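This one's a predicted model, so the numbers in the text were calculated from it and none came from an experiment.
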Amino acid sequence: MGHNVWIASNVTVLTGVHIGDNAIIGASSIVTKDVPANVIAMGSPAEIVREITPDDDVHYDHGKLVADNIVTLDQLSE
């Protein structure tokens, strides 16, 4: 298991399978083969959906910046 790996609920990882750094495994996936670093994988058996890019750190919700989507408690009470 690599560093900074996120595994959703109900995931099965078979013995001997390696998951690379910064990988994301989708819910209810069955991981039967090695998953490289910096990818999103899901399914039964798990398949690579796409690579994780630097844009994933900055963008959210169809290209809007993450900061544009943050609502503070003060804003909610207005």
Quiz item: Can you name the side-chain hydrogen bond (donor to acceptor under 3.5 Å, both in side chains) partners of N22, sequence neighbours left out?
Solution: N4, N38
Exercise. Determine which pairs satisfy side-chain hydrogen bond (donor to acceptor under 3.5 Å, both in side chains) with at least one residue from residues 26-35, sequence neighbours left out, and list them in order.
Key: none
Quiz item: With sequence neighbours left out, which residue pairs that include part of residues 5-20 fulfil the side-chain hydrogen bond (donor to acceptor under 3.5 Å, both in side chains) condition?
Solution: none
Quiz item: With clusters built from Ile, Leu, Val, Met, Phe, Trp and Tyr whose side-chain heavy atoms come within less than 4.5 Å, directly or transitively, what are the remaining members of the cluster of I30, listed by chain and number?
Solution: none
Please answer: with hydrophobic residues joined when any side-chain heavy atoms are less than 4.5 Å apart, are [X] and [Y] in the same cluster?
X	Y	result
M1	I40	no
M42	V35	no
V11	V5	yes
I24	V39	no

Quiz item: Is there a side-chain contact between I7 and I19, using heavy atoms and a 4.5 Å cut-off?
Solution: yes
Using distance only, find each side-chain donor-acceptor pair of residues 44-52 under 3.5 Å and give its atom names and separation, not counting sequence neighbours.
{"from": "R50", "atom 1": "NH1", "to": "D56", "atom 2": "OD1", "distance (Å)": "3.4"}
{"from": "R50", "atom 1": "NH1", "to": "D56", "atom 2": "OD2", "distance (Å)": "3.1"}
{"from": "R50", "atom 1": "NH2", "to": "D56", "atom 2": "OD1", "distance (Å)": "3.1"}

